[in-house]
Amino acid sequence: MINVAVLGYGTVGSGVVEVIEKNKEMVDKKSAQELNVKYILDLRDFPGDPYEAKVIHDFNQILEDDTVDIVCEVMGGVGAAYQFTRQCLERGKSVCTSNKELVAKHGPELLKLAVEHNCNYLFEASVGGGIPIIRPLNYSLTAEKIEAITGILNGTTNYILSKMEKEGAGFDDVLKQAQENGYAESNPEADIEGHDACRKIAILSSLMMGKNVDSEKIFTEGITKITADDFLYAKAAGMTIKLLGMSRALDENTVLAMVAPFLISREHPLSMVNDVFNAVFVTGNMLGDSMYYGRGAGKLPTASAVVSDVVDCARHQGKSVMCFWDEEEVTLADVAETKRSFFIRVNADDKEAVEKAFPGSTAIIVEGRKTDAGYITAVTTEREFYDKCAGLGNAVLSKIRLF
Ligand code: HSE
């Protein structure tokens with residue numbers, strides 16, 4: 001028997017207990033031994049809960065119990081979660097987590113600590129919720145040189161953008177609805193400003209490079225400026241708008257990583273990922289393109305990924321599974337120097353000035369539009385594009401990158 005402790009009895013924590021109990025026979029068989037949830041750590045009490053008796057309030061009880069070998073850190077944050085994770089790993093207790101903020105901030109340090117103490121720090125649930133993506137990158141794609149990763153990595157924003165497209169609704173209205181339905185947090189900033197997707201692409205980029213990509217240095221733009229009108233033009237151009245986390249290895253030490261809304265062709269598989277679903281599109285030098293799709297959030301999908309890590313830890317007791325993510329930092333390429341086309345929506349009165357500033361742009365025709373006009377520019381550096389937009393002042397109503 002192997003004893004497991006769960007840190008945090010919120011949505012994911014209760015899901016972890018549920019998955020271990022509901023799929024007990026299968027999970028025990030695959031772990032080659034019985035998994036027993038011995039403790040659940042939370043500040044609160046849960047009177048009437050079936051696992052009420054396992055709830056404790058003192059972390060030291062878990063730390064000092066030598067019979068606990070695996071700890072699920074699903075409490076979130078980078079304060080207590082960081083300290084608890086370090087202490088567990090130092091005692092040789094493996095830690096499985098869904099905490100992307102902590103993985104993005106301290107991943108390589110915690111992985112090193114796990115190796116030093118012959119245990120594991122696993123984080124399948126930190127990116128894409130229930131979608132297997134960390135293990136494929138670590139195990140299945142080991143023969144590949146990964147060249148690029150692009151993902152729809154945030155369910156809340158994908159839900160909002162999908163609904164804006166389908167219903168022709170404005171950002172604020174859809175966000176409000178999403179909050180009322182429990183899809184968006186009451187403080188949605190980390191999602192809508194792109195910070196959540198940024199942490200996830202930092203983790204994926206680090207695994208792609210085998211070295212650390214600092215999430216705080218990744219260019220990040222959210223979806224708050226996207227309008228219903230932009231979707232009309234995107235549709236007319238055979239495209240849609242998605243918040244993408246993207247990362248491209250430029251050489252062994254340089255990566256271009258960013259999070260931003262993009263116009264993406266309706267022909268691209270990522271354009272078909274709707275609502276709260278996530279997907280990660282990986283380009284390897286031998287395999288070519290592959291895509292990993294599924295539920296990127298939610299109690300049971302996320303808990304399923306955490307429990308898959310628990311099983312992995314049970315199978316590798318006393319030894320560390322390999323994960324290439326060194327502490328050495330990679331350089332982030334300057335996004336301003338990258339080249340791409342842009343979509344711009346401008347005041348109809350300023351069309352002439354815009355066409356002069358962006359020669360070679362293609363007009364997007366939306367029947368019946370009188371006050372604005374849309375264009376796709378020729379390929380330009382971001383710096384040049386933004387300089388020209390600044391020169392056009394209020395003429396430019398929207399600007400969105402093309403994928
Ligand atoms: N807030 C996140 C999302 C939860 O909307 O995708 C999963 O990380």
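Both ligands and their constituent atoms are indexed starting at 1 by order of listing. Basis for what follows: all heavy atoms, side chains included, without hydrogens, waters or symmetry-related copies. Because the structure is predicted, anything quoted here is derived from the model rather than measured.
By the 6.0 Å contact criterion, CD on Glu90 is enclosed, its count of non-hydrogen atoms from other residues, nucleotides or ligands being greater than 12.
Salt bridge absent: Glu101 and Lys105 never bring a charged side-chain N and a carboxylate O closer than 4.0 Å. Between Asp334 and Arg383 there is a salt bridge, since a side-chain N of the basic residue sits under 4.0 Å from a carboxylate O of the acidic one. Between Lys211 and Glu327, no side-chain nitrogen of the basic residue sits less than 4.0 Å from a carboxylate oxygen of the acidic one, so the salt-bridge criterion is not met. By the 4.0 Å N-to-carboxylate-O rule, Arg369 lies close enough to Asp229 to be salt-bridged with it.
Within 4.0 Å of ligand 1, heavy atoms belong to protein residues Lys100, Asn154, Gly155, Thr156, Asp191, Asp196, Lys200, Gly296, Ala297.
Counting only residues at least two apart or on different chains, the ring pair (Phe, Tyr, Trp, His ring centres under 6.0 Å) pairs with a member in residues 62-99 are Phe59-Phe84, Tyr82-His106.
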